[in-house]
Enquirer: 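After the structure tokens below, expect a handful of questions from me.
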Amino acid sequence: MKIRDRIMIVEDEKSIAGFIRAILNSNGYDAMVAQSGGEALTMISSHCPDLVILDLGLPDMDGTEIITKVRSWTQLPIIVVSARGNEQDKVSALETGADDYITKPFGAAELLARIRVALRHTHNSAGTQANGGCFVAGDLTVDYDKHQVLIRGENMKLTQNEFRIVALLSRYAGKVLTYDYIMKELWGPQNGGGNQILRVNMANIRRKIEKNPAEPQYIFTEVGVGYRMIEGD
Ligand code: CA
């Protein structure tokens with residue numbers, strides 16, 4: 001018998017906690033709820049959940065404080081729930097160690113996709129599953145050995161920098177990567193130069209791989225936060 005993944009919901013609003021719990025239960029997860037930060041910290045250490053869904057707006061504690069504390073002893077995936085428009089909160093949650101975020105109001109499909117991606121990355125030790133070989137999503141193929149991005153088998157002739165951006169996003173497909181994270185991974189610590197080089201490269205990438213660069217199918221912009229590549233097939 002398959003062991004069910006256990007998910008802890010940290011949320012003080014009962015209706016939202018109940019909504020999330022119902023989605024999880026009907027999709028094969030065990031769910032438990034903590035209604036405050038203090039309760040969450042106790043329950044996480046005693047119940048060892050496989051994943052935590054964390055509302056940033058809790059009565060007793062700032063959500064990022066919980067992330068910092070949890071990260072001091074475990075790498076269990078944390079998905080933050082945030083209100084629309086709080087881009088800075090999302091970025092600081094990700095920088096503190098959250099794995100991803102979801103914006104209120106959200107639907108079941110979106111929540112389940114975020115959970116699936118976060119659990120997959122821990123099961124595969126943080127995005128190393130794509131070493132060698134290819135990443136495939138629909139008509140898009142990223143060939144890591146040949147350093148090529150293909151659409152329906154045709155080489156889209158990305159530059160080296162463009163390829164490195166697409167390759168990085170595809171290794172974390174389904175997960176948001178912040179502008180800062182991408183910049184640091186590909187160009188090292190910056191001297192305050194901003195994300196201009198990334199934006200310019202992304203515009204070129206989209207012209208090459210997207211049917212309509214204004215409505216991308218493969219790499220999405222998370223406004224004020226970063227980029228997210230579609231999940232692989
Ligand atoms: Ca709340």
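For reference, positions follow the sequence shown, starting with 1. All values derive from a computational prediction rather than experimental measurement.
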Enquirer: Among all residues two or more places apart in sequence or in another chain, which pass the side chain to side chain donor-acceptor pair (under 3.5 Å) test with D30?
Expert: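 Here the qualifying residues are R4.
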Enquirer: Not counting sequence neighbours, which residues clear ring pair (Phe, Tyr, Trp, His ring centres under 6.0 Å) with H147? List them please.
Expert: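 Scan of H147 (ring pair (Phe, Tyr, Trp, His ring centres under 6.0 Å), adjacent residues dropped) gives F163.
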Enquirer: Do any pairs count as a side chain to side chain donor-acceptor pair (under 3.5 Å) and have a residue in residues 148-157, sequence neighbours left out, and if so which ones?
Expert: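 Checked against side chain to side chain donor-acceptor pair (under 3.5 Å) - neighbours excluded - the pairs reaching residues 148-157 are D139-R152.
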Enquirer: By side chain to side chain donor-acceptor pair (under 3.5 Å), which residues pair with E222, not counting sequence neighbours?
Expert: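 If we apply the side chain to side chain donor-acceptor pair (under 3.5 Å) test to E222, skipping adjacent residues, the hits are Y101, R228.
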Enquirer: Does R114 count as lying over the ring of F106, i.e. NZ or CZ under 6.0 Å from the six-ring centre, within 45 degrees of the axis?
Expert: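 Relative to the ring axis of F106, which defines the angle, R114 lies outside at least one limit.
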Enquirer: Mind checking side chain to side chain contact (heavy atoms under 4.5 Å, CB included) for T68 and listing every partner two or more places apart, or none if nothing turns up?
Expert: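 Checked T68 against side chain to side chain contact (heavy atoms under 4.5 Å, CB included); matches are T96.
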Enquirer: Is any side-chain heavy atom of I102 closer than 4.5 Å to a side-chain heavy atom of L111?
Expert: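 Yes, close enough: below the 4.5 Å cut-off.
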Enquirer: Quick one, L76 and V52 - any side-chain contact, counting heavy atoms below 4.5 Å?
Expert: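 Result yes, sub-4.5 Å side-chain heavy-atom pair found.
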Enquirer: For residues Y179 and L198, determine if any side-chain heavy atom of one lies less than 4.5 Å from a side-chain heavy atom of the other.
Expert: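 Result yes, sub-4.5 Å side-chain heavy-atom pair found.
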Enquirer: Holding to side chain to side chain contact (heavy atoms under 4.5 Å, CB included), I want the full list of residues that pass it with A137, two or more places apart in sequence or in another chain.
Expert: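 So A137 forms a side chain to side chain contact (heavy atoms under 4.5 Å, CB included) with F135, I230, D233.
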Enquirer: Using the side chain to side chain contact (heavy atoms under 4.5 Å, CB included) criterion, which residues pair with A113? Sequence neighbours excluded.
Expert: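 Side chain to side chain contact (heavy atoms under 4.5 Å, CB included) list for A113, sorted by chain: R116, E231.
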Enquirer: With sequence neighbours excluded, give me every salt bridge (Lys or Arg N to Asp or Glu O under 4.0 Å) pair touching residues 61-80.
Expert: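 Residue pairs with at least one partner in residues 61-80: E65-K69, R71-D99.
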Enquirer: If you define the side chain from C-beta out and look only at heavy atoms, does anything of L140 sit under 4.5 Å from M229?
Expert: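 Yes, side chains in contact.
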Enquirer: Counting neighbours of NZ on K146 that are heavy atoms of other residues, nucleotides or ligands and sit closer than 6.0 Å, is the number greater than 12?
Expert: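 Open: at most 12 neighbouring heavy atoms sit under 6.0 Å from NZ of K146.
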Enquirer: Within a strict 4.5 Å, meaning less than it, do heavy atoms of the E11 and V33 side chains meet?
Expert: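 No, every pair of side-chain atoms sits at 4.5 Å or beyond.
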Enquirer: Is E39 reaching over with its side chain to a backbone N or O of Q35, donor-acceptor style, under 3.5 angstrom?
Expert: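 Pair found, side chain donor or acceptor close to backbone of Q35.
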Enquirer: Test of understanding: with side chain to side chain donor-acceptor pair (under 3.5 Å), list the residues that count as partners of T221, not counting sequence neighbours.
Expert: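 Per chain and number, T221 pairs via side chain to side chain donor-acceptor pair (under 3.5 Å) with R206.
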Enquirer: Got I197 and M183 here, is their nearest side-chain heavy-atom distance under 4.5 Å?
Expert: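 When only atoms from C-beta onward are counted, M183 and I197 do touch, with a gap below 4.5 Å.
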Enquirer: List the residues meeting side chain to side chain contact (heavy atoms under 4.5 Å, CB included) with D12, not counting sequence neighbours, and say none if there are none.
Expert: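 So D12 forms a side chain to side chain contact (heavy atoms under 4.5 Å, CB included) with D55, L58, P59.
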Enquirer: Grouping I, L, V, M, F, W and Y whenever their side-chain heavy atoms are under 4.5 Å apart, do I78 and V225 come out in a common cluster?
Expert: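 Per the 4.5 Å side-chain linkage, I78 and V225 are co-clustered.
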Enquirer: Using the test side chain to side chain donor-acceptor pair (under 3.5 Å), find all partners of E215 that sit at least two apart in sequence or belong to another chain.
Expert: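 Listed in chain order: nothing, the list is empty.
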Enquirer: Are the side chains of K90 and V80 in contact, using a 4.5 Å heavy-atom criterion?
Expert: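 No, too far: nothing below the 4.5 Å cut-off.
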Enquirer: The criterion is salt bridge (charged side-chain N to carboxylate O under 4.0 Å, His left out); which residues satisfy it with E210, sequence neighbours excluded?
Expert: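 Once residues adjacent in sequence are excluded, E210 has no partner under the salt bridge (charged side-chain N to carboxylate O under 4.0 Å, His left out) criterion.
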Enquirer: Do the side-chain N and O atoms of T178 and Y227 include a donor-acceptor pair separated by under 3.5 angstrom?
Expert: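 No pair is found: no donor N or O on one side chain lies under 3.5 Å from an acceptor on the other.
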Enquirer: If only atom types and distance count, is the side chain of D50 paired as donor or acceptor with the main-chain N or O of I7 below 3.5 Å?
Expert: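 Not a single qualifying donor-acceptor pair exists.
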